[in-house]
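First comes the structure, then the notes that go with it.
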Amino acid sequence: MKKLYIVGNLRYRWGLIEELLRRGEWSEIKFIDGVEEIDRREPPNRRIIISEEPGKGFTPDQLELLFEQLGEPQTIPIYIFDREDLSFLNPILPYYTSSKGEGHFWEVRVPALSLSDAQRLLQAHRKIVVGELFQYLIHRLPPKKVGIAESCTGGRLISYFTLVSGASRIFDGGMITYSNKIKEGWLGVKGETLERFGAVSAETVTEMVEGILAKTKADFGIGISGIAGPTGGTPEKPVGTVYIGVGNRYQIWVEKYLFKGSRGYIQHQSAITAAGMLIQFGELYGVLKEAISTLGLPL
């Protein structure tokens with residue numbers, strides 16, 4: 001598998017990036033400001049570079065050729081929560097690749113998977129999702145719904161849900177509350193909370209979740225607030241500090257993360273991690289059968 005580098009302003013072209021994410025099987029994805037950030041010792045055949053600069057890798061007008069080379073995704077994703085190691089997979093899966101995201105859950109990819117093997121995985125470790133995260137949630141969550149309040153991610157999480165057909169089954173609406181004024185006015189975050197703890201805090205995110213639940217009447221609420229950078233960090237809250245909260249009207253779970261990377265990477269990791277937290281909070285584990293059958297694999 002190759003590493004994907006996305007250079008400069010292309011990081012903001014999310015239609016392009018979504019297609020690359022959908023089609024490619026990447027060992028790692030890096031959002032960088034310039035090609036000079038790439039380690040020269042890294043073998044060229046182990047990476048793909050997407051850049052607007054001629055001669056610096058694939059340019060946007062060459063992407064059709066790249067998409068032809070990548071073809072359609074040929075592996076099935078499996079997400080594994082609350083495990084320090086993956087040894088339990090070995091008796092079930094003859095081959096897999098794995099990576100551990102900064103959100104503290106594993107992503108495993110396999111070239112083929114039968115439904116019976118997926119069920120064996122669930123018996124070996126219950127906290128598993130088979131299928132792409134957002135597609136899976138849109139199939140798994142109904143009739144319950146989720147409301148989303150974003151700050152530093154600027155709508156990234158909402159866009160990831162709504163890129164999937166059928167998102168309206170679980171999502172009625174959300175809010176991008178970037179400033180403190182809007183957090184107060186739209187979500188009801190208390191001024192004293194913001195003044196005492198700051199916008200990037202567990203306390204503020206807790207009230208963001210409470211506010212979006214009240215506004216949308218959803219079953220689950222998600223709140224995200226952080227410092228995506230490259231400016232705005234402090235010694236106490238460096239760039240990459242992100243608080244993510246997931247809850248319902250009975251309880252709210254908030255975690256602090258320190259993501260390392262560019263602005264786009266921090267926003268991307270925050271959105272993916274929030275989806276993982278929703279799965280964990282609601283115990284929404286299981287198998288998206290369509291992820292198996294649509295690849296023409298045995299059931």
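Here the structure is a predicted model, which is why all the values come from computation and not from measurement.
A donor-acceptor pair shorter than 3.5 Å can be found between the side chains of Trp253 and Glu255. Using modelled atom types and a 3.5 Å distance limit, the side chains of Lys145 and Thr216 yield no donor-acceptor pair.
Side-chain atoms of Tyr243 do not come within 3.5 Å of backbone N or O of Ala199 as any donor-acceptor pair. When atom types are taken as modelled, the side chain of Thr273 and the backbone of Ser270 share no donor-acceptor pair closer than 3.5 angstrom. Under a 3.5 Å cut-off, the side chain of Glu107 and the backbone N or O of Ser99 do not form any donor-acceptor pair. Distance alone, capped at 3.5 Å, places no donor-acceptor pair between the Lys2 side chain and the Trp26 backbone. Side-chain atoms of Tyr5 never come within 3.5 Å of backbone atoms of Glu37 as a donor-acceptor pair (strictly under, hydrogens ignored). The backbone N or O of Val200 lies less than 3.5 Å from a partner atom in the side chain of Lys237, making a donor-acceptor pair. Counting only distance, with no hydrogens or angles, the side chain of Arg263 and the backbone of Gly229 share a donor-acceptor pair below 3.5 Å. Using modelled atom types, no side-chain atom of Asn90 and backbone atom of Leu93 make a donor-acceptor pair closer than 3.5 Å. In this structure, the side chain of Ser201 engages the main chain of Gly198 through a donor-acceptor pair within 3.5 Å.
Contact check for Leu278 versus Phe220: side-chain heavy atoms found under the 4.5 Å cut-off. Tyr257 places a side-chain heavy atom less than 4.5 Å from the side chain of Ile244. Residues Phe281 and Asn248 are in side-chain contact: their nearest non-hydrogen atoms beyond the backbone lie under 4.5 Å apart. Using a 4.5 Å heavy-atom threshold, the side chains of Phe31 and Ile6 count as touching. Gln119 has its side chain out of reach of Val287: every pair of non-hydrogen atoms, C-beta onward, lies at least 4.5 Å apart. Side-chain contact between Val246 and Val209: absent, with no pair of heavy atoms (C-beta onward) separated by less than 4.5 Å.
The salt bridge (Lys or Arg N to Asp or Glu O under 4.0 Å) test applied to Asp82 returns Lys127, not counting sequence neighbours. Val239 is linked by a side chain to side chain contact (heavy atoms under 4.5 Å, CB included) to Ile227, Ile266, counting only residues two or more places apart in sequence or in another chain. For the side chain to side chain contact (heavy atoms under 4.5 Å, CB included) test, residues two or more places apart in sequence or in another chain that qualify with Gln135 are Glu132, His139, Val164, Leu288. Partners of Glu36 under the salt bridge (Lys or Arg N to Asp or Glu O under 4.0 Å) rule, at least two apart in sequence or in another chain, do not exist in this structure. Qualifying side chain to side chain contact (heavy atoms under 4.5 Å, CB included) partners for Asp85, counting only residues two or more places apart in sequence or in other chains: Arg83, Ser87. Taking Lys100 as the reference, Glu84, Trp106 meet the side chain to side chain contact (heavy atoms under 4.5 Å, CB included) condition, with sequence neighbours excluded.
Here Glu42 pairs with Lys3 in a salt bridge; the nearest charged N to carboxylate O distance falls below 4.0 Å. A salt bridge between Glu283 and Arg126 is present, with a side-chain N of the basic residue lying under 4.0 Å from a carboxylate O of the acidic one.
Here the options are Gln267, His268, Gln269, the test is side chain to side chain donor-acceptor pair (under 3.5 Å), and the partner is Arg156; only Gln267 passes. With respect to Tyr79, the side-chain contact (heavy atoms from CB on, under 4.5 Å) criterion is satisfied by exactly one of Ile272, Val129, Ile279, Val108: Val129. When each of Glu207, Glu184, Lys183 is tested with Thr193 by the rule side-chain contact (heavy atoms from CB on, under 4.5 Å), just one qualifies, namely Glu207.
Residues Ser225 and Val205 come closest through the heavy atom pair CB-CG2, 3.7 Å. In terms of heavy atoms, Pro143 sits closest to Asp219 at O-OD2, 4.3 Å. Pairing each heavy atom of Val110 with each of Tyr96, the nearest pair is CG1-CB, 3.7 Å. The two atoms that bring Leu157 and Ala274 nearest to each other are CD2-CB, 3.9 Å, heavy atoms only. Shown here for Ala118 and Val130, the closest heavy-atom pair between the two residues is CB-CG2, 4.4 Å. Annotation for Pro111 and Tyr95: closest pair CD-CD2, 3.7 Å, computed over non-hydrogen atoms.
The aromatic rings of His125 and Phe88 sit tilted, their planes meeting at an angle between 30° and 60°.
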